[in-house]
Amino acid sequence: KNAPLNAFLQNFLAESVSSDGILNLSLNLKGEGTRLVNLSGYGKLDVTDGKIVGFAEKHDGLKSIGLNSLNFQKASLDFYINGPSLYILPGSMITSQPNDSLYRYISIDGILALDGTIDLFCSGNINVKALNALTRAVREVAMLENPTEQEVAQNLLKGFISGFSLNDF
């Protein structure tokens with residue numbers, strides 16, 4: 001209860017990524033023996049006033065739209081564990097800080113498994129102008145045949161500017 005988020009996530013995140021926030025975790029597990037397949041239970045993870053910084057360094061698309069960190073007022077994750085699979089239950093959500101220009105909330109549910117399977121459904125309320133600008137920029141670049149780096153940069157900029165001024169969505 002009231003643990004630092006960074007201490008919890010440091011083994012899961014790359015060294016260049018840091019996090020901040022207050023973590024509360026409740027967990028009710030049961031099982032027999034030492035095999036993971038015999039483990040089952042449920043839990044709830046809540047993080048308040050959180051921030052994850054540094055993940056955009058390796059993703060040019062995120063850097064190009066100015067997304068260097070994810071700030072959130074609250075992240076709430078209800079889950080069920082059945083053997084090697086973690087089921088994120090519907091209603092799990094991340095809510096933005098007040099006046100965040102990127103999003104209001106993101107809902108998540110689905111499965112994460114130790115074998116690498118990830119099957120998530122996400123929905124949310126994001127900034128329509130940002131979505132419009134991003135789709136316009138991708139469209140401008142997609143129309144190019146064998147582009148140079150300069151043409152890609154020019155068309156991305158052209159797409160972002162026109163995307164912010166039009167209302168496709």
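A pairwise comparison of heavy atoms in Leu29 and Gly41 identifies CD2-CA, 3.9 Å as the closest pair. Residues Ser92 and Asp78 approach most closely at OG-N, 3.0 Å, considering heavy atoms. Considering all non-hydrogen atoms of both residues, Ser96 and Gln73 come closest at O-CB, 3.3 Å.
The cluster map of Ile, Leu, Val, Met, Phe, Trp and Tyr, joined by side-chain heavy atoms under 4.5 Å apart, puts Leu45 and Ile111 in different clusters. A single hydrophobic cluster is seen to contain both Leu86 and Ile108, as judged by linkage of ILVMFWY side chains at heavy-atom distances under 4.5 Å, directly or through other members. In the hydrophobic clustering of ILVMFWY residues, with side-chain heavy atoms under 4.5 Å counting as a link, Leu120 and Phe79 come out together. Residues Leu39 and Tyr80 do not share a hydrophobic cluster, defined by chaining ILVMFWY side chains whose heavy atoms lie under 4.5 Å apart. Linking Ile, Leu, Val, Met, Phe, Trp and Tyr whenever their side-chain heavy atoms come within less than 4.5 Å leaves Ile88 and Met93 in two separate clusters.
Not counting sequence neighbours, the partners of Ile22 by the side chain to side chain contact (heavy atoms under 4.5 Å, CB included) test are Asn2, Thr48. Applying the side chain to side chain contact (heavy atoms under 4.5 Å, CB included) rule to Pro4 yields the partners Ala7; only residues at least two apart in sequence or on another chain are considered. Under the side chain to side chain contact (heavy atoms under 4.5 Å, CB included) criterion, Asp49 pairs with Gln97, not counting sequence neighbours.
Note: Arg104 CZ to Ile94 CD1 = 15.0 Å, rounded to the nearest 0.5 Å. Taking CD1 of Ile81 as the reference point, atom OH of Tyr87 lies at 11.5 Å (rounded to 0.5 Å). Between the CG atom of Asn24 and the NZ atom of Lys44 there is a distance of 10.0 Å, given to the nearest 0.5 Å. Rounded to the nearest 0.5 Å, atoms CG (Asp109) and SG (Cys122) are 8.0 Å apart. Summarising the geometry, atom CG belonging to Asn28 is positioned 4.0 Å from atom OH belonging to Tyr42; distances are rounded to the nearest 0.5 Å.
There is no side-chain donor-acceptor pair under 3.5 Å between Asn82 and Ser40.
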